[in-house]
Peer 1: 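My questions will all concern the structure given below.
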Amino acid sequence: MNNKEFLSILERSYNVYLKTSARSNKKLEVLHGEIAKDLSIKLGKGYKVKSLGFEEGKEGKVNGRYIDKDVDISVYKDGQSLGGVAVKYIMSNYSQNSNNYFENMLGETANIRAHKTPYFQIFILPEKLPYYKKDGTISKWEVITENNVSKYVKVSEDNVDSFFHTPNKTLF
């Protein structure tokens, strides 16, 4: 898919989020399913891609060094797990959870890559997003700064052959 198609999918996913709830996985079915579909087309016959919103509609398990993990999008050939893709689409309250997002990314990536399984990250963070109070009202609008993304830039500069916590590739 091209950039325009990807942005259209993000818009559709966000609209589903607005119509459902923050805890609903319906928004993920749209986003993950379309990415999985595109990946499946690019890989061609002989490969199986698993994801919410695509074909069977279920995530697939990827082997890890410490624990096997269901991941957002997984790729198989001849029944063997070849790798996975994590997709994070932040829609609100980024500052409150920013360190958790990053640390979880490092941990899950290290677990999977230490098993010699390729792992990729797609991290979607709008430039401006709402910050909700507990009652569901918007208390402010967060503007994402260079400081917010600096840790992702730094990890993207790591040597993936030396550091298992670094995704093989990251789309930010």
Peer 1: Please check if the side chain of Ser74 supplies one atom and the backbone of Val62 the other of a donor-acceptor pair under 3.5 Å.
Peer 2: no

Peer 1: Judged by modelled atom types alone, do Thr145 and Asn147 share a side-chain donor-acceptor pair under 3.5 Å?
Peer 2: no

Peer 1: Same cluster or not: Phe120 versus Val160, using hydrophobic residues (I, L, V, M, F, W, Y) connected whenever any side-chain heavy atoms lie under 4.5 Å apart?
Peer 2: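 Phe120 does not cluster with Val160.
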
Peer 1: Less than 4.5 Å apart, any side-chain heavy atom of Tyr119 and any of Pro167?
Peer 2: no

Peer 1: Donor-acceptor check, side chain of Asn93 to backbone of Tyr132, threshold 3.5 angstrom: yes or no?
Peer 2: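 Yes, the answer is positive, given that a donor and an acceptor are paired below the 3.5 Å cut-off.
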
Peer 1: Answer with yes or no whether the hydrophobic clustering places Leu18 together with Ile90; edges join I, L, V, M, F, W, Y residues whose side-chain heavy atoms lie under 4.5 Å apart.
Peer 2: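 In one cluster with Leu18: Ile90, no.
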
Peer 1: Does Phe172, at its CZ atom, have more than 12 non-hydrogen atoms belonging to other residues, nucleotides or ligands within less than 6.0 Å?
Peer 2: yes

Peer 1: So, Asp158 and His165: side-chain donor and acceptor under 3.5 Å apart, yes or no?
Peer 2: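 Present: a donor and an acceptor within the cut-off.
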
Peer 1: Going from CG on Leu31 to NZ on Lys26, what distance comes out if it is rounded to the nearest 0.5 angstrom?
Peer 2: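 Here the rounded value is 15.0 Å.
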
Peer 1: Is it true that, when you exclude Asn159 itself, more than 12 heavy atoms of the residues, nucleotides or ligands shown sit nearer than 6.0 Å to its CG?
Peer 2: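 Yes.
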
Peer 1: Looking only at the side chains, is there a donor atom on one of Glu108 and Asn111 sitting less than 3.5 Å from an acceptor on the other?
Peer 2: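 Note: Glu108 and Asn111 side chains miss the donor-acceptor criterion.
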
Peer 1: Mark yes or no: Lys37 above the aromatic ring of Phe54, with NZ or CZ under 6.0 Å from the six-membered ring centre and no more than 45 degrees from the axis.
Peer 2: no

Peer 1: Would a single hydrophobic cluster contain both Val71 and Val85, if residues Ile, Leu, Val, Met, Phe, Trp and Tyr are joined by side-chain heavy-atom contacts under 4.5 Å?
Peer 2: no

Peer 1: Between atom CD of Glu142 and atom OH of Tyr131, what is the distance when rounded to the nearest 0.5 Å?
Peer 2: 6.5 Å

Peer 1: Is Asp78 reaching over with its side chain to a backbone N or O of Gln80, donor-acceptor style, under 3.5 angstrom?
Peer 2: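 The answer is no, because no donor-acceptor pair under 3.5 Å joins these two groups.
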
Peer 1: May I ask whether Tyr101 and Leu129 are part of the same hydrophobic cluster, defined by side-chain heavy atoms of I, L, V, M, F, W, Y residues being less than 4.5 angstrom apart, directly or through others?
Peer 2: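 Linked within one cluster.
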
Peer 1: Hydrophobic clusters here meaning ILVMFWY residues chained together by side-chain heavy-atom distances under 4.5 Å, can you tell me if Ile73 and Leu10 are in one?
Peer 2: yes

Peer 1: When you measure from the side chain of Arg113 to the backbone of Phe163, do you find a donor-acceptor pair of N or O atoms at a distance under 3.5 Å?
Peer 2: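 Answer holds: yes.
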
Peer 1: Examine the side chains of Gln121 and Thr170 and answer whether a donor and an acceptor come within less than 3.5 Å of each other.
Peer 2: no

Peer 1: Determine whether a donor-acceptor pair (N or O, by modelled atom type, separation under 3.5 Å) exists between the side chain of Ser40 and the backbone of Ala36.
Peer 2: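 No, because the side chain of Ser40 does not come within donor-acceptor range (under 3.5 Å) of the backbone of Ala36.
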
Peer 1: Would you confirm whether the ring centroid of Phe102 sits within less than 6.0 angstrom of the ring centroid of Tyr152?
Peer 2: yes

Peer 1: Validate the cation-pi geometry between Lys50 and Tyr76: distance from NZ or CZ to the six-membered ring centre under 6.0 Å, angle to the ring axis within 45°.
Peer 2: yes

Peer 1: So, do Ile122 and Lys88 sit near enough that their side-chain heavy atoms are less than 4.5 Å apart?
Peer 2: no

